[in-house]
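Treat the numbers as computed from the prediction; the structure is a model and nothing was measured. Just so we're on the same page: letters track the sequence lines, and every chain starts at 1.
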Number of protein chains: 2
Amino acid sequence: MSGEPRSRAARSSAAEDTRTKLLAGALATLTEQGIAKTSARSIAATAGVNQALVFYHFGTVDDLLAAACRYGAEQRLAAYRERLDAVRSLGELLAVARELNASERAGGQVAVLGQLLAGGQTQPRLAAATAAGLTLWTDEIERVLARVLAGSPLAEFVDVTGLAKAASAAFVGLELYEGVDPAGAERALASLDQLAALAAALEGLGPVAQRAVRSRLRRSGSRGRA
Amino acid sequence: MSGEPRSRAARSSAAEDTRTKLLAGALATLTEQGIAKTSARSIAATAGVNQALVFYHFGTVDDLLAAACRYGAEQRLAAYRERLDAVRSLGELLAVARELNASERAGGQVAVLGQLLAGGQTQPRLAAATAAGLTLWTDEIERVLARVLAGSPLAEFVDVTGLAKAASAAFVGLELYEGVDPAGAERALASLDQLAALAAALEGLGPVAQRAVRSRLRRSGSRGRA
DNA sequence: GTCTATAATACGATAGAC
DNA sequence: GTCTATCGTATTATAGAC
């Protein structure tokens, strides 16, 4: 009975504290050392707790990482939900992405997703946790996209759920890219700014042109291959 | 004199053979085990050579990985150059990307870039090599994009070099995403197909609408923020 | 060049005292 | 719950025989 962790509600605050330390320590270790050098020992060291507690509280290192993934995603998303709610255009969404990119590079939490994504390629437990963590993001992005694109041909001819997933995956890819080539990543992001400006210009083309686009799309088979 | 590897030209074919085995073994290990479990021993095992040869030929594991990155990128790009040269539209480019995605997931070489990207976040030597390997791809994509977008407003208002970098990073992100959520990744890719179809429809809008878009973009400040 | 053997360190995980 | 101590294994890297 007393040799196992109790349920969340029944846990003592001291135990909950070390659990939190380990979760935060896991995230910090992932960003600072990378998945390759993230171990029970390195995590415990940055968390400031005993190494054996990793196994007592989480069983295995991968299970700790899986829990940390959810913890970090929820925490980070909560910090950005308000800002995302205020988004009213594609350009604003990209601006928030820019902001997220800048602040995360300093604090480093999205980089965690990159590391877990890499680790998840070969470890099913991590894969499931990472997919779940990413889903928290894509669901949020999807809500924003649906609101922003309402009434535009984009929402009509493009699967917004898929678009949100694509945007999220692309963002993580760009985040990883920035880690190895900051100048290149900045140039990539700048080109997306220009692309958003172009999209904004198209949005304001007027009903005549939009009707032309719609009929063109219908003829070529909507929602089909290019 | 005889205790050190000689220059590439002067190397014996036997030595060159083990070097190649190690390079290929490194790529295979990265895809099959991930960066976290890629070690001198695991690489040597899949390569079928002695573990000590990793250090004799490449000095450190990271240096081997860096060399393997270049080796794999050059090899893979050579296999796709012809196909990329034949691309004449955005839709065709996406179709090649789809093809690449499918064949690489089976043979697994782009996944290598994801693993190295993750490792490069914290290891400068890997970062430089990965950036260089990615540049081989972005340069190629840039050439294709420049040809495909010639005459379109896209080439006029968007930095094509940056766009090529963004597309490459996004592709790697999607590739990693596919590793943890195949269904989600498929949906994401499908939405990009729809997006490409929409872009194709816009391309054929005619000179009147395109003039309208151009003047609109100029007024809002070309190449500027959204 | 390639091998064996080995040094020094780090790893995951567990047992048992407190 | 948390600690120390420890087992068995895997790691990087080198020395030296061949």
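The distance from atom CD of B/E16 to atom P of C/dG1 is 10 Å, rounded to the nearest whole Å. Protein atom CG of B/D62 is 13 Å distant from nucleotide atom C1' of D/dT11, rounded to whole Å. The nearest whole Å value for the distance from the NZ atom in B/K21 to the P atom in C/dG1 is 15 Å. Atom CZ of B/F58 and atom P of C/dT2 are 11 Å apart (whole Å). In this structure, CZ of B/R19 is placed 15 Å from C1' of C/dT2, rounded to the nearest angstrom. As rounded to whole Å, 13 Å separates atom C1' of C/dT2 from atom CG of B/D17. Distance CG (B/N50) to C1' (C/dT4): 8 Å, rounded to an integer number of Å. Atom pair A/L64:CG and C/dG12:P shows a separation of 11 Å (rounding to whole Å applied).
OP1 or OP2 of D/dT2 has at least one side-chain nitrogen or oxygen of A/T18 nearer than 4.0 Å. Side-chain N/O atoms of B/S39 include none lying less than 4.0 angstrom from OP1 or OP2 on D/dA10.
Contact check on A/E186 versus A/R98 returns a salt bridge, with a Lys/Arg side-chain nitrogen under 4.0 Å from an Asp/Glu carboxylate oxygen. Under the 4.0 Å criterion applied to side-chain N and carboxylate O atoms, A/K21 and A/D17 are assigned as salt-bridge partners.
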Kindly indicate, with the supporting measurements, whether the criterion side-chain contact (heavy atoms from CB on, under 4.5 Å) is fulfilled by A/R19 and A/F58. CA-CA 9 Å; A/R19 276 181 66 92; A/F58 296 95; 3.8 Å; yes
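Picking from C/dT14, C/dT2, C/dA5 the nucleotide with the shortest atom distance to the side chain of A/F55 gives C/dT14. Of the candidate nucleotides C/dT2, C/dT4, C/dG12, C/dG12 has the atom nearest to the side chain of A/A40. Comparing D/dT2, C/dG12, C/dA5 by their closest approach to the side chain of B/Q51 singles out C/dA5. When distances are taken from the side chain of A/V61 to each of C/dT2, C/dA13, D/dT2, the shortest belongs to C/dA13. Distances from the side chain of B/Y56 to the nucleotides C/dA13, D/dA13, C/dG1 place C/dG1 closest. Comparing C/dA13, C/dT2, C/dG12 against the side chain of A/T60 picks out C/dA13 as the nearest. Among the nucleotides C/dG1, C/dC3, D/dT2, the one closest to the side chain of B/A15 is C/dG1.
Within the nucleic acid shown, B/V54 has no heavy atom closer than 4.0 Å to any nucleic acid atom. Within 4.0 Å of A/A52, counting heavy atoms only, lies at least one base atom of the nucleic acid.
A donor-acceptor contact closer than 3.5 angstrom is absent between the side chains of A/Q33 and A/T38.
Proximity of a side-chain donor or acceptor of A/R147 to a complementary backbone N or O of A/D85 within less than 3.5 Å is detected.
Place B/V49 and A/S42 on DNA chain C by their nearest nucleotides, and B/V49 ends up nearer the 5' end.
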